Structure formats: C-alpha cells, structure tokens
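Report on one structure; see the data block that follows.
Treat the numbers as computed from the prediction; the structure is a model and nothing was measured.
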Amino acid sequence: MKFGVVIFPGSNCDYDSFHVLKRILKAETVFLFHKEDSLQNCDAIVLPGGFSYGDYLRTGSIARFTPIMQEVIAFAINGGIVIGICNGFQILCESNLLPGVLIKNENLRFKCFDTFLRVENNKTSFTKNFHSNEVVKFPIAHGDGCYFTEEETLVSLEKNEQILLKYCDRHGNITPDSNPNGSVANIAGICNEKKNVFGLMPHPERCSESILGSTDGIKIFESIFNNN
C-alpha cells in the first residue's frame, strides 16, 4: 500500500505523519504538494494537521480549492481511502466529503493536551485494529475543533454508524467534562457513509511510537495498512 501525505502552505504535521508511515509503519510513502494534479498512484491519502493558508479566512476553506484537493475529492468519491487529521478534518468538511463543520472551541481558547477517546465503531478501514468501545488517549491541539452539525445530520450519523470516536473520561464515560471543545455529542471523529473518508481532530501521529509516551495512535494507520 502506498500513502500520500499532502503538503499545504501552513501544514505543520506533514513530516510527523510521513515519519510514522515511512519509518514506523514501514509503508511506501510520498509527499504530495498542494499545486500537484496527480496523486502518484497512491492507495491512501493523508491530509495532515496545521494551518493551511494561515486559516485566515476560515479553517480549511482555501485549501479546499487547491489542484491537489480536486484530485483528492475525485479519489474519495470513487472510493479511495482518505484520512484528515485536525486541519485535514476541517478541509474534508469544507470539501463536502464529510458532513458538518468545525467551529471555534466553546470557550474560544486553543486547547493542547491529551484526551481520552472511546472507539464507537471498530468495523471500518480506519478502526479495525481497535476493540469495540476501547478507550485510548490521543493529544489534541486546536482552536477550531468544535464539531457541529444540525440534529437531522446527527441522527443520520448515529444511524449509519459514522461516528468513530467520541471524547470520554478515562473509564469510557461520555460526559460534558470530558468534552474539550464543546463538540456536539462529544464527537471527535466521523467518517462518510461509504466509510472510506475519515476525519478526526485528535492527533494519532503524535502518539504512534513509545518514545512519545503512547502507541495508541499507530492503530489508526495499521488499520488502514493491514485492511486495504
């Protein structure tokens, strides 16, 4: 399996993602520049965290119109595997590949610390290496991480098992106190109906090797690598 990591002006987790895929997972991995119009025959695309184009207008809203994103959108529509992390999640929502929107955190403060997550659906290409309802710990680092969608879409997400990760306490309880940003229903990550596009605000690449204090995040990448 060949991975492609997209670099936008302002990406700052591109090399972290590349390192995990290339050095830890031992997968063939290439960088894809935002001006490119080819995915270089990659089998899975990673949109990394950062602040694409400075996020001056609205998070992810400019990146959505780049040449590489036109290829990523077509790739995803045709069933290709795409994962967006933090700013990548915001770009996926702006591209209409995922429903909803990421808005300012509830108290308008940037949040950067470890969060506990409960795996809500372990039957997707992104979560197969987790146990059902497994509690893991991923770090977050965002100012616009509050996931919002209207009630009708929320009901659809739950019905179609598109909610893959929820913020929880260390015991797996979904509580208001364990929600770091005010996201509706404590949502931390969702996928599309076809289950081939996944976006999440926490950073699995920052907890994918023991030197970082946790290897919980590598299961996301292993799930993609081993099950596609």
Side-chain angles (χ1 to χ4, degrees), residues 1-55 59-60 62-64 66-76 80-92 94-95 97-98 112 114 125-129 136-142 145 164-165 189 191 196-228:
M1 165 167 268
K2 181 178 179 181
F3 286 85
V5 178
V6 177
I7 299 178
F8 300 101
S11 295
N12 62 15
C13 298
D14 39 7
Y15 278 83
D16 297 346
S17 298
F18 185 91
H19 169 76
V20 170
L21 295 167
K22 183 78 171 181
R23 312 298 179 200
I24 308 301
L25 200 62
K26 310 293 185 187
E28 181 180 4
T29 308
V30 296
F31 281 124
L32 301 171
F33 201 46
H34 66 111
K35 292 183 177 179
E36 291 187 45
D37 58 5
S38 168
L39 298 184
Q40 300 184 29
N41 295 316
C42 288
D43 302 297
I45 303 299
V46 178
L47 305 182
F51 302 89
S52 56
Y53 294 88
D55 283 340
T59 54
I62 299 177
R64 175 254 185 276
T66 57
I68 197 67
M69 278 307 300
Q70 307 317 303
E71 300 301 316
V72 172
I73 291 169
F75 177 73
I81 298 294
V82 179
I83 178 172
I85 303 167
C86 197
N87 193 223
F89 186 11
Q90 296 159 346
I91 295 169
L92 289 175
E94 288 289 334
S95 302
L97 290 175
L98 291 174
C112 184
D114 287 338
S125 297
F126 308 97
T127 54
K128 286 184 177 178
N129 279 29
V136 295
K137 187 168 66 174
F138 287 13
I140 59 169
H142 57 244
L164 305 191
L165 298 171
C191 67
N196 64 298
V197 178
F198 176 39
L200 72 165
M201 287 311 297
H203 287 265
E205 79 281 8
R206 295 185 184 180
C207 56
S208 284
E209 54 184 324
S210 56
I211 194 172
L212 299 176
S214 172
T215 58
D216 285 348
I218 194 67
K219 291 183 180 180
I220 294 280
F221 304 109
E222 288 176 338
S223 293
I224 300 171
F225 189 59
N226 296 330
N227 297 294
N228 292 281

Neighbour count above 12 (heavy atom, 6.0 Å) for Lys22 NZ: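 Counting other residues, nucleotides and ligands, NZ of Lys22 exceeds 12 neighbours.
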Whether over 12 other heavy atoms sit under 6.0 Å from Lys2 NZ: yes
Does the side chain of [X] reach to within under 4.5 Å of the side chain of [Y], using non-hydrogen atoms?
X	Y	answer
His142	Phe89	no
Glu71	Ile45	no
Ile140	Pro202	yes
Leu200	Phe138	yes
Val30	Cys42	yes
Phe33	Ile68	no
Ile81	Phe126	yes
Ile7	Phe18	no

Side chain to side chain contact (heavy atoms under 4.5 Å, CB included) partners of Ser95, counting only residues at least two apart: Arg64, Met69, Ile73, Ile91, Leu97
Which distance, rounded to the nearest 0.5 Å, do you find between the [atom1] of [X] and the [atom2] of [Y]?
X	Y	atom1	atom2	value
Leu164	Ser125	CG	OG	10.0 Å
Leu165	Cys191	CG	SG	10.0 Å
Leu25	Met1	CG	CE	10.0 Å
Ser17	Phe221	OG	CZ	5.5 Å
Met201	Gln90	CE	CD	4.5 Å
Asn41	Leu39	CG	CG	8.5 Å

[X] side-chain N/O to [Y] backbone N/O, donor-acceptor pair under 3.5 Å:
X	Y	value
Asp16	Glu205	no
Ser223	Asn129	yes
Asp55	Phe51	no

Under the salt bridge (charged side-chain N to carboxylate O under 4.0 Å, His left out) test, residues paired with Glu94 that sit two or more places apart: Arg58
Shortest non-hydrogen separation from [X] to [Y] and the atoms involved:
X	Y	value
Asp114	Pro139	OD1-CB, 3.4 Å
Gly49	Cys86	CA-CB, 4.1 Å
Gly199	Leu98	N-CD1, 3.6 Å
Asn196	Gly80	ND2-O, 2.8 Å
Pro204	Ile220	CB-CG1, 4.1 Å
Phe225	Ala27	CE1-CB, 3.6 Å

Criterion side chain to side chain contact (heavy atoms under 4.5 Å, CB included) against Phe3, the qualifying member of Asp43, Ile224, Val20: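 Running side chain to side chain contact (heavy atoms under 4.5 Å, CB included) over Asp43, Ile224, Val20 with Phe3 returns exactly one hit, Ile224.
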Verdict with reasoning, Tyr15 to Phe31, per ring pair (Phe, Tyr, Trp, His ring centres under 6.0 Å): CA-CA 9 Å; Tyr15 278 83; Phe31 281 124; 4.8 Å; yes
Test log, rule side chain to side chain contact (heavy atoms under 4.5 Å, CB included), inputs Leu47 and Phe8: CA-CA 9 Å; Leu47 305 182; Phe8 300 101; 4.3 Å; yes
Residues Asp37, Gln70; criterion side chain to side chain contact (heavy atoms under 4.5 Å, CB included); working and verdict: CA-CA 8 Å; Asp37 58 5; Gln70 307 317 303; over 6 Å; no
Pairs meeting criterion side chain to side chain donor-acceptor pair (under 3.5 Å) with involvement of residues 207-216, two or more places apart: His19-Glu209
